[in-house]
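See structure below.
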Amino acid sequence: MRVAYFLILAVLLVAACKSPREKKIDYINSLEASDSAYNLNQMTELYWNYIDYADKYPDDLRTPEYLIKAAQRSSSLNKAEEGIRLLERLLKTYPSSKFCEQALFTMAFSYENNLNDFDKARKYYTEFLQKYPKSELAEDAKLSLDALGKSPEEFLESIQKDSTFDKN
């Protein structure tokens, strides 16, 4: 009985002695579990916790993922320019991260759809296609390049012209 008591006490002490980093990860995980696209407060809380984690633990393997997750939420929070800075940070600081492909596409998409800066969107879509020509997102990048600055009607008209031209 006495051994079981000490064993339980030891487990509780170890659990209580989590590092601040581990506690932050647990908190982020709990926010992610309850994250809702419709709850602005939760989304904002998660956004700032991702950034805080990346600032405090730049060498942690989770940091590039948290940067891209924060950037993705930035457009919903009307923080597109901040999101782009986060993506630039990811690309510069973690150039070999598996999240760079997604970051570059997201940056182009944000310039196009959130900031209406078609020149920069074109630049980043083109860079994306050069770096990741076999990506699952490559076709989306090509379509986005073709549609840049066009109204939906103009884009449909250009597709119809191209398909008519291809038939002749």
Side-chain angles (χ1 to χ4, degrees), residues 21 24-25 27-159 161-163 166:
R21 185 183 63 79
K24 186 72 156 177
I25 292 167
Y27 184 63
I28 288 173
N29 288 340
S30 71
L31 288 172
E32 286 179 333
S34 64
D35 187 25
S36 170
Y38 304 107
N39 187 321
L40 191 59
N41 291 333
Q42 281 183 330
M43 189 183 302
T44 302
E45 179 76 9
L46 190 51
Y47 170 83
W48 286 114
N49 274 277
Y50 286 142
I51 294 171
D52 184 54
Y53 188 92
D55 290 344
K56 287 180 179 173
Y57 308 105
D59 296 329
D60 190 272
L61 294 176
R62 289 174 188 83
T63 296
E65 179 181 7
Y66 286 174
L67 287 171
I68 198 155
K69 285 181 173 184
Q72 290 167 336
R73 281 167 177 75
S74 68
S75 62
S76 298
L77 297 170
N78 295 318
K79 298 176 180 286
E81 290 176 354
E82 289 179 32
I84 286 173
R85 283 193 292 277
L86 293 169
L87 295 167
E88 289 171 339
R89 176 178 167 186
L90 190 158
L91 292 167
K92 181 180 178 187
T93 309
Y94 310 97
S96 60
S97 169
K98 67 180 181 179
F99 296 101
C100 287
E101 177 181 333
Q102 188 179 0
L104 191 55
F105 183 87
T106 302
M107 188 180 318
F109 184 87
S110 188
Y111 273 118
E112 176 188 8
N113 295 288
N114 300 114
L115 300 174
N116 296 318
D117 187 333
F118 302 126
D119 291 335
K120 286 192 178 176
R122 179 173 282 105
K123 173 187 172 186
Y124 290 112
Y125 280 130
T126 302
E127 183 180 336
F128 175 84
L129 288 169
Q130 290 169 349
K131 286 185 175 182
Y132 308 105
K134 296 182 183 197
S135 168
E136 291 180 10
L137 296 169
E139 193 60 36
D140 292 338
K142 289 175 190 173
L143 285 171
S144 293
L145 275 171
D146 290 343
L148 273 178
K150 295 178 183 173
S151 70
E153 295 80 18
E154 292 169 326
F155 180 63
L156 285 174
E157 186 178 308
S158 71
I159 291 174
K161 282 181 184 177
D162 288 345
S163 64
D166 289 341

What are the two closest non-hydrogen atoms of Gly83 and Ser74, and how far apart are they?
CA-OG, 3.2 Å
Are Lys142 and Tyr125 close enough that some pair of their side-chain heavy atoms sits under 4.5 Å apart?
no
The side chain to side chain donor-acceptor pair (under 3.5 Å) partners of Glu101 (sequence neighbours excluded) come to Ser135
Indicate whether the side chain of Asp60 and that of Tyr66 have a donor and an acceptor atom separated by less than 3.5 Å.
no
Can you see which heavy atom on Asn41 is nearest to which on Asn39, and at what distance?
N-OD1, 3.1 Å
Between Thr63 (side chain only) and Asp59 (backbone N and O only), is there a donor and an acceptor less than 3.5 Å apart?
no
Answer yes when Asp55 and Arg89 have at least one side-chain N-carboxylate O distance shorter than 4.0 Å, and no when they do not.
yes
Within a 6.0 Å radius of atom CZ on Phe109, are there more than 12 heavy atoms belonging to other residues, nucleotides or ligands?
no
From Ser144 atom OG to Asn113 atom CG, the distance as rounded to the nearest 0.5 Å
7.0 Å
Side chain to side chain contact (heavy atoms under 4.5 Å, CB included) with Leu90: which of Thr106, Ile68, Leu104?
Ile68
Is it true that Glu88 and Lys92 have a side-chain N and a carboxylate O under 4.0 angstrom from each other?
no
When you check the side-chain N and O atoms of Tyr27 and Glu45, is any donor under 3.5 Å from an acceptor?
yes
With Tyr124, which residues qualify under ring pair (Phe, Tyr, Trp, His ring centres under 6.0 Å), at least two apart?
Tyr111
Please report the closest heavy-atom contact between Asn49 and Lys24, naming both atoms and the distance.
OD1-NZ, 2.6 Å
Could you grab the distance from atom CD of Glu82 to atom CG of Leu77, nearest 0.5 Å is fine?
9.0 Å
With no hydrogens and no angle check, do the side chains of Tyr50 and Gln72 hold a donor and an acceptor under 3.5 Å apart?
no
Taking all non-hydrogen atoms of both residues into account, name the closest pair between Ser34 and Gln42 and its distance.
O-OE1, 2.7 Å
Looking only at heavy atoms, what is the nearest atom pair of Leu129 and Ala138, with distance?
CD2-O, 3.5 Å
Less than 4.5 Å apart, side chain to side chain, heavy atoms only: is that true for Leu115 and Ile84?
yes
Would you give the length of the straight line joining atom CZ of Arg62 to atom NZ of Lys69, rounded to the nearest 0.5 angstrom?
10.5 Å
Please list, chain by chain and in numerical order, all residues satisfying ring pair (Phe, Tyr, Trp, His ring centres under 6.0 Å) with Phe128, sequence neighbours excluded.
Phe105, Tyr132
What is the distance from atom CG of Leu87 to atom SG of Cys100, rounded to the nearest 0.5 Å?
10.0 Å
Can you tell me how far CZ of Arg73 sits from CG of Leu86, rounded to the nearest 0.5 angstrom?
12.0 Å
Roughly how far apart are Leu46 CG and Ile51 CD1, rounded to 0.5 Å?
10.0 Å
